[in-house]
K.L.:
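Pasting a structure below so you can have a look.
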Number of protein chains: 2
Amino acid sequence: MGVNPAEGVRRRRATLKEVAAEVGVSPATVSNAYNRPDQLSEESREKVMEAARRLGYAGPDPTARGLRRGRAGAIGVLYADRLSYAFADPAAVLFFEGVSRAAEEAGLGLLLVPGSISGRHDPEAVRAAAVDGFVVYCMAEGDQMIGAVRDRRLPAVLVDDPPEVFAEDMSRVGVDDEGGARAAAEHLVGLGHRRIGIVSYELAPQPVGGLAGPDRQAEVAFRSTRLRLEGYRSAVEGMGVAWESVPVYECPENDPEEGANAARVLLGIDPRPTALVAISDQLAFGAIEAAREMGLSVPGDLSIVGFDDVPEAARSNPPLTTVHQDHVEKGLLAGRLLVARLGGEEPETPKMLRTRLVVRDSTAAPRG
Amino acid sequence: MGVNPAEGVRRRRATLKEVAAEVGVSPATVSNAYNRPDQLSEESREKVMEAARRLGYAGPDPTARGLRRGRAGAIGVLYADRLSYAFADPAAVLFFEGVSRAAEEAGLGLLLVPGSISGRHDPEAVRAAAVDGFVVYCMAEGDQMIGAVRDRRLPAVLVDDPPEVFAEDMSRVGVDDEGGARAAAEHLVGLGHRRIGIVSYELAPQPVGGLAGPDRQAEVAFRSTRLRLEGYRSAVEGMGVAWESVPVYECPENDPEEGANAARVLLGIDPRPTALVAISDQLAFGAIEAAREMGLSVPGDLSIVGFDDVPEAARSNPPLTTVHQDHVEKGLLAGRLLVARLGGEEPETPKMLRTRLVVRDSTAAPRG
DNA sequence: ATAGCCTACTGAATCGATTAAGTAAAACGA
DNA sequence: TCGTTTTACTTAATCGATTCAGTAGGCTAT
């Protein structure tokens with residue numbers, strides 16, 4: 001499929017050189033008219049602009065300028081999966097919002113780079129991205145995408161899953177996943193829950209849905225997932241509950257539908273758990289839905305706690321007890337860190353954002 | 001602030017020419033190794049890739065390739081306002097999801113282009129965008145951004161607000177705003193409501209919040225806003241209610257907070273409206289909130305109908321009666337239309353997507 | 001009057017690739 | 001064996017700008 005942007009547009013695009021010829025000056029002068037107006041007389045500048053208007057010249061070609069200047073004028077946001085999934089994930093959207101704010105501040109464009117194209121995991125998009133640096137979001141440890149980013153030798157900021165091994169040159173931003181998760185589980189344990197089920201999202205690339213035994217849990221490749229599971233674990237073990245007795249369901253995707261599947265399986269276990277810990281609000285929403293379908297009231301028959309505190313959590317029915325993290329702030333911080341790197345600053349020490357348990361109405365003491 | 005992507009990264013980036021020198025072949029051969037593997041022996045290809053690895057060459061520079069090939073490998077999505085607002089608007093996010101799907105299908109990147117940078121309305125971002133075409137979303141009629149897009153002489157698809165005058169070269173996608181709005185208002189009128197208030201979003205750029213009289217209404221610069229207002233009008237007039245008696249509140253921004261402000265003003269009018277028509281679900285959510293704060297039950301004391309049918313509408317409390325439109329489909333269509341244009345196809349006739357009233361629980365017959 | 005300085009330009013190299021056209025050697029066909 | 005393809009490269013022009021190092025002419029200062 002030949003992609004030819006010139007087709008279908010009336011006149012050909014004019015170039016700087018043609019404008020120069022039209023006015024009767026050198027290309028350098030036209031360039032100066034756009035980039036350093038102080039370098040030429042007001043009069044010639046007018047003439048250049050006038051000729052540009054006549055010829056339909058919209059200003060220096062961004063690609064050519066980018067090549068010459070050695071910068072693209074945009075930052076890339078690399079998302080682990082297909083872009084359309086990113087937009088369906090409220091936490092990712094909030095994160096993008098923050099990054100876009102930072103890009104805007106710096107006058108840079110924002111290029112969204114899919115980590116996966118129509119299902120295929122392919123670093124080609126990383127190699128083809130005309131950007132000055134990357135914000136890498138939600139990557140599995142050791143993912144080949146990270147290798148592709150490193151190979152580009154551009155400044156990069158790793159968010160949420162900074163695999164230690166590659167991180168030398170890269171800035172890092174994360175949140176206190178473990179602390180937040182521990183607080184969530186401790187809250188349930190503190191209410192008296194002892195039979196708790198965990199709704200996790202994918203532990204490693206190419207997940208299959210289902211209960212994940214210790215072997216599968218050992219494979220966990222997403223750093224923040226690992227940390228959250230550790231947080232849950234330390235909380236339940238702190239109360240003398242054996243981790244092996246806590247069922248963990250792995251959802252292949254982070255959407256409510258999968259959360260519902262997880263809940264159906266976990267709540268089918270005998271004796272039935274009195275509480276569910278979901279690793280994201282999206283999954284928690286689905287779990288609530290499934291519980292309702294099974295005739296269980298939340299929080300009467302079942303307590304549910306989420307993670308992320310997306311705006312919907314406050315408005316859901318019942319309002320969701322969850323772990324708050326500031327996604328917009330995280331994106332903003334990541335973006336600003338990257339912009340600072342573009343300005344020549346050295347990578348800073350990893351930034352860790354706080355998390356905080358927000359108790360709403362989806363949790364209560366177990367019945368009886 | 002000098003943006004220099006080379007700083008802070010260990011080794012300098014290698015170029016194709018250096019790889020060629022390392023292997024002892026011409027640059028053309030290295031280029032072929034990446035772009036037309038059939039043009040050289042397996043053996044030299046290996047050697048090239050090996051040398052590339054040694055030198056840390058990540059493949060042809062996207063900017064240089066873009067210049068030479070005459071295409072940027074990305075499409076631009078132009079949003080009327082600051083990007084961070086776009087991410088806060090669920091309808092826009094769904095639209096982006098659709099566009100991103102189309103971009104993905106075509107192997108193109110997605111560059112988000114702000115129509116406004118830190119509050120300033122500036123077409124500079126349009127001129128600086130290294131893209132092969134634009135999807136223009138939610139623009140006011142006659143906005144200078146559209147002029148800037150046209151000046152770039154790139155294929156463009158105008159979504160939702162296709163100002164007739166500039167549209168010659170541009171493809172167009174919209175939804176049946178008027179029909180949807182009419183259906184919404186007819187639904188209320190059909191339930192017996194005669195005192196109806198309208199919660200609109202901005203009528204023209206640089207809006208001030210407040211009741212908008214006929215003069216202000218005449219200025220409406222957003223095509224879809226105009227069409228929706230016309231739809232509301234034709235429905236109420238059809239039942240013999242004078243449009244002049246219907247208060248219209250203009251919200252300066254499309255967020256629930258503003259919807260709440262609008263509701264507070266409209267519900268302060270004596271006699272109090274028995275129903276509110278909101279031009280978006282975001283505004284409707286805020287209006288419901290405000291009504292509740294005023295001690296009015298929805299739909300008992302007040303009926304509210306929205307527009308957009310964002311996913312939250314089905315889950316809100318009460319579930320919102322609203323006008324459904326398929327935002328993802330709209331984005332997908334717009335994106336595919338643009339991709340087709342890139343492939344050399346001529347602009348098609350404007351596409352119009354259907355809207356449909358979805359009756360949920362926020363509307364009922366007026367009391368008494 | 002002349003050195004020195006501005007102002008307003010121009011010339012030419014360069015950014016990092018792609019690709020059409022050309023060429024030398026090897027393989028092939030009869 | 002000799003002409004013809006084929007294979008595997010190379011040469012060189014080109015994409016559209018930016019920018020450094022001039023330079024010509026006018027102006028100022030002494």
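Letters A, B, ... are given to chains in the order of the sequence lines, protein chains preceding strands, and every chain is numbered from 1. This structure is a prediction, so every number in the text was calculated from the model and none was measured.
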K.L.:
Does B/T29 have a side-chain nitrogen or oxygen under 4.0 Å from the phosphate oxygens OP1 or OP2 of D/dT10?
P.N.:
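B/T29 to D/dT10 OP1/OP2: side-chain N or O found under 4.0 Å.
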K.L.:
By nearest atom, which of the nucleotides C/dG16, C/dT19, D/dA17 is closest to the B/A64 side chain?
P.N.:
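Shortest atom-to-atom distance from the side chain points to C/dG16.
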K.L.:
Can you tell which of C/dT10, C/dA17, C/dC15 lies closest to the side chain of A/N32?
P.N.:
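Nearest listed nucleotide: C/dT10.
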K.L.:
Using a 4.0 Å heavy-atom cut-off, does B/L40 contact any base of the nucleic acid, only the sugar-phosphate backbone, or nothing at all?
P.N.:
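Counting heavy atoms under 4.0 Å across all strands, the contact made by B/L40 is with sugar-phosphate only.
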K.L.:
Name all residues meeting the salt bridge (Lys or Arg N to Asp or Glu O under 4.0 Å) criterion together with A/R82; count only those two or more places apart in sequence or in a different chain, and write none if there are none.
P.N.:
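By the salt bridge (Lys or Arg N to Asp or Glu O under 4.0 Å) rule, A/R82 matches B/E104.
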K.L.:
On DNA chain D, check which nucleotide each of A/R68 and B/R68 is closest to and give me the residue with the more 5' one.
P.N.:
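Result: B/R68.
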K.L.:
Using the side-chain heavy atoms of A/S44, tell me which of these nucleotides is nearest: D/dG16, C/dC9, C/dT19.
P.N.:
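Of the options given, the side chain of A/S44 lies nearest C/dC9.
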K.L.:
Counting just side-chain N and O atoms, does A/S31 come under 4.0 Å of either OP1 or OP2 of D/dT18?
P.N.:
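A/S31 to D/dT18 OP1/OP2: side-chain N or O found under 4.0 Å.
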K.L.:
What's the closest nucleotide to the A/R65 side chain, out of D/dG16, D/dT18, C/dT18?
P.N.:
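My answer, after comparing the listed nucleotides, is D/dT18.
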K.L.:
Output yes when B/D160 and B/K330 qualify as a salt bridge under the 4.0 Å nitrogen-oxygen rule, no when they do not.
P.N.:
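Yes, B/D160 and B/K330 are salt-bridged.
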K.L.:
Quick check for you: among D/dT18, C/dT18, D/dT10, whose closest atom lies nearest to any side-chain atom of B/N35?
P.N.:
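The listed nucleotide nearest to B/N35's side chain is C/dT18.
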K.L.:
Within the structure shown, what part of the strands sits under 4.0 Å from A/V25 by heavy-atom distance: base, sugar-phosphate, or nothing?
P.N.:
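Touches sugar-phosphate only.
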K.L.:
Hey, does A/Y34 reach any base, or is it just sugar-phosphate, or nothing, if we go heavy atoms under 4.0 Å?
P.N.:
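The answer is nothing, as A/Y34 stays clear of every strand by at least 4.0 Å.
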K.L.:
Would you call the rings of A/Y79 and A/F96 parallel, tilted or perpendicular if under 30° counts as parallel and over 60° as perpendicular?
P.N.:
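Perpendicular, since the angle between the ring planes exceeds 60°.
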K.L.:
Taking 4.0 Å as the cut-off, does a side-chain nitrogen or oxygen of B/S41 come that near to OP1 or OP2 on D/dC9?
P.N.:
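True: B/S41 side-chain N/O within range (under 4.0 Å) of D/dC9 OP1/OP2.
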K.L.:
Are B/Y57 and B/Y34 close enough that their ring centres sit under 6.0 Å apart?
P.N.:
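Between B/Y34 and B/Y57, which both carry aromatic rings, the centre distance is below 6.0 Å.
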K.L.:
Between B/T63 and B/A28, which has a closest nucleotide on DNA chain C that is more 5'?
P.N.:
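Whichever sits nearer the 5' end wins; that is B/T63.
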K.L.:
In whole angstroms, how far is the P atom of D/dT14 from the CD atom of A/E18?
P.N.:
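In whole Å, D/dT14 P lies 14 Å from A/E18 CD.
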K.L.:
Is the phosphate of D/dT11, meaning OP1 or OP2, less than 4.0 Å from a side-chain N or O of B/S26?
P.N.:
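B/S26 to D/dT11 OP1/OP2: no side-chain N or O under 4.0 Å.
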